[in-house]
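The next block holds one structure in the form of structure tokens; read it before the comments.
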Amino acid sequence: MDMVSNIKIKKLTNEIVSIIIDEQKTYNSLSFKNLTDLLNTFKKLDADKQLKVIILEGAGKGFSAGHNLKEVKGLKKRDKYQKLFNLCSKVMLQIVEGRKPVIAKVHGAAFAAGCQLVASCDLAYSTNDALFATPGVNIGLFCSTPMVAVSRKINRKPMMQMLLTGEPIKAKYAKDIGLINDCYSKSKLDNEVLKIAKTIASKSNLTIKIGKQAFYKQLEMSLKKAYAYTSKMMTVNMMAMDAKEGISAFLEKRKPKWRNK
């Protein structure tokens with residue numbers, strides 16, 4: 001990454017880092033540059049063997065307002081629009097298909113592709129006053145790619161209401177419909193997210209990696225195929241030393257010593 005990247009990496013512990021989108025003048029927009037840097041950052045961190053959990057947040061007033069509309073307006077050509085939306089989709093897929101759990105930590109607004117980013121993360125927590133929206137309909141551009149991520153986290157009726165009205169929803173309602181896990185006061189959010197990240201970081205790296213991959217893959221399968229696939233994955237997991245150690249530790253009433261930490 002170059003030196004003027006708006007994507008910052010902050011080390012919180014040896015096993016937990018925070019990725020901060022820091023382009024406050026555009027409300028942390030998901031421009032070509034920011035998306036490219038985000039993709040490279042996620043790939044780089046995914047390859048870090050010591051790292052166990054990634055937290056994603058926005059600097060300044062809020063999380064992210066989505067695509068940079070000034071940039072979008074200036075693209076003009078079909079292939080450039082396609083390139084932008086394909087790049088955005090690659091970032092979302094990298095989060096889902098990556099080995100490390102990703103936690104969205106949200107304050108302010110998470111709109112359009114910013115809302116898509118929140119929905120793509122494995123877990124999401126926000127401040128009590130955070131707002132979420134898929135407002136594309138308001139500017140004549142339906143939030144078709146954001147709805148892919150969001151509709152896989154919430155039910156159809158609330159999703160369609162968000163898409164058809166473009167109106168933002170508050171954090172408590174976002175929690176009720178399953179878009180986020182929980183919401184807290186501004187003073188508590190950092191500690192609560194770090195606490196969850198530390199809990200996840202205390203588990204076996206290999207087990208989390210296998211489990212995360214299996215979770216998303218089985219969701220797209222029929223019930224029968226999902227059971228066949230997860231039975232296979234459980235067997236792969238069981239053959240690993242960490243599963244043997246975890247079971248022994250439980251039976252012996254002691255703390256496990258993970259090899260794949």
Side-chain angles (χ1 to χ4, degrees), residues 1-10 18-46 54 56-98 102 104-121 124 126 130-153 159-169 179:
M1 278 190 308
D2 59 50
M3 296 305 289
V4 291
S5 174
N6 300 312
I7 308 304
K8 317 286 188 214
I9 301 172
K10 185 180 174 187
S18 187
I19 297 175
I20 303 158
I21 310 167
D22 188 2
E23 191 181 50
Q24 297 176 42
K25 67 180 189 292
T26 67
Y27 211 105
N28 304 324
S29 75
L30 298 178
S31 60
F32 261 118
K33 183 171 185 339
N34 289 347
L35 284 168
T36 303
D37 289 351
L38 258 183
L39 184 61
N40 292 337
T41 303
F42 273 113
K43 282 182 174 173
K44 178 180 143 187
L45 295 177
D46 208 45
I54 299 167
L56 179 64
E57 58 189 301
K61 287 181 184 173
F63 187 75
S64 174
H67 291 298
N68 183 328
L69 293 180
K70 275 187 186 169
E71 180 184 73
V72 170
K73 192 176 179 232
L75 294 176
K76 292 183 170 64
K77 291 182 181 173
R78 177 191 284 262
D79 63 328
K80 287 185 177 173
Y81 292 134
Q82 190 71 61
K83 201 176 165 190
L84 176 66
F85 299 131
N86 285 351
L87 176 61
C88 189
S89 300
K90 271 185 191 169
V91 172
M92 306 304 161
L93 280 167
Q94 177 61 40
I95 293 170
V96 173
E97 293 173 355
V102 183
K105 185 168 83 177
V106 186
H107 72 292
F111 283 8
C115 189
Q116 180 185 8
L117 201 52
V118 174
S120 297
C121 293
S126 82
L131 294 171
F132 304 84
T134 51
V137 70
N138 298 334
I139 56 164
L141 182 67
F142 204 80
C143 278
S144 295
T145 46
M147 77 182 177
V148 173
V150 184
S151 67
R152 279 161 170 74
K153 295 287 162 88
M159 176 80 269
M160 285 306 284
Q161 186 170 320
M162 286 178 74
L163 289 164
L164 296 172
T165 66
E167 288 172 2
I169 60 168
L179 179 58

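- Listed by chain and number, the residues in a ring pair (Phe, Tyr, Trp, His ring centres under 6.0 Å) with F85 are H67 (sequence neighbours excluded).
- Note that the OG1 atom of T41 and the CD1 atom of I19 stand 5.5 Å from one another [nearest 0.5 Å].
- Between P168 and F111, the shortest heavy-atom contact is CB-CZ, 4.0 Å.
- The two residues S89 and T145 come nearest to each other via the heavy atoms OG-CG2, 4.3 Å.
- Just one residue in the list T26, N28, D22, N34 forms a side-chain hydrogen bond (donor to acceptor under 3.5 Å, both in side chains) with N6, and that residue is N34.
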Working note: I21 + I7, criterion side-chain contact (heavy atoms from CB on, under 4.5 Å); need CA distance, chi angles, decisive distance, verdict.
CA-CA 5 Å; I21 310 167; I7 308 304; 4.0 Å; yes
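- One distance of note links CG of L35 with NZ of K33; it measures 11.0 Å at 0.5 Å rounding.
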I would like to know whether I95 and L117 meet side-chain contact (heavy atoms from CB on, under 4.5 Å); could you show each step before the answer?
CA-CA 9 Å; I95 293 170; L117 201 52; 3.7 Å; yes
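- Expressed to the nearest 0.5 Å, how far OG of S151 lies from CD of Q116 amounts to 10.0 Å.
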V150 and L179: side-chain contact (heavy atoms from CB on, under 4.5 Å), yes or no, with the steps?
CA-CA 7 Å; V150 184; L179 179 58; 4.1 Å; yes
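- Atom CE of M92 sits about 9.0 Å away from atom CZ of F42, to the nearest 0.5 Å.
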Go through the steps to decide whether S126 and F63 satisfy the test side-chain contact (heavy atoms from CB on, under 4.5 Å), and finish with yes or no.
CA-CA 10 Å; S126 82; F63 187 75; over 6 Å; no
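- Looking only at distances, no side-chain donor or acceptor of K90 sits under 3.5 Å from a matching main-chain atom of T36.
- Between A110 and V118 the shortest heavy-atom distance is CB-CG2, 3.8 Å.
- A distance of 4.5 Å separates CD1 in I9 from CG in L45, rounded to the nearest 0.5 Å.
- For Q161, the CD atom is loosely surrounded, since the number of other residues' heavy atoms within 6.0 Å does not exceed 12.
- Annotation for C115 and A133: closest pair CB-O, 3.4 Å, computed over non-hydrogen atoms.
- Contact check for F32 versus N68: no side-chain heavy atoms found under the 4.5 Å cut-off.
- Shown here for P135 and A112, the closest heavy-atom pair between the two residues is CD-N, 3.5 Å.
- Side-chain contact between F142 and L164 is present, with heavy atoms from C-beta onward closer than 4.5 Å.
- Taking each heavy atom of L30 and S64 in turn, the nearest pair found is CG-OG, 3.7 Å.
- Listed for the T134 side chain is a donor-acceptor partner under 3.5 Å among the backbone atoms of M162.
- With salt bridges taken as basic N to acidic carboxylate O contacts below 4.0 Å, none links E71 and K73.
- Checking D37 against S5 by side-chain atom types alone, a donor-acceptor pair falls below 3.5 Å.
- Rounding to the nearest 0.5 Å gives a distance of 7.5 Å between NZ of K153 and SG of C121.
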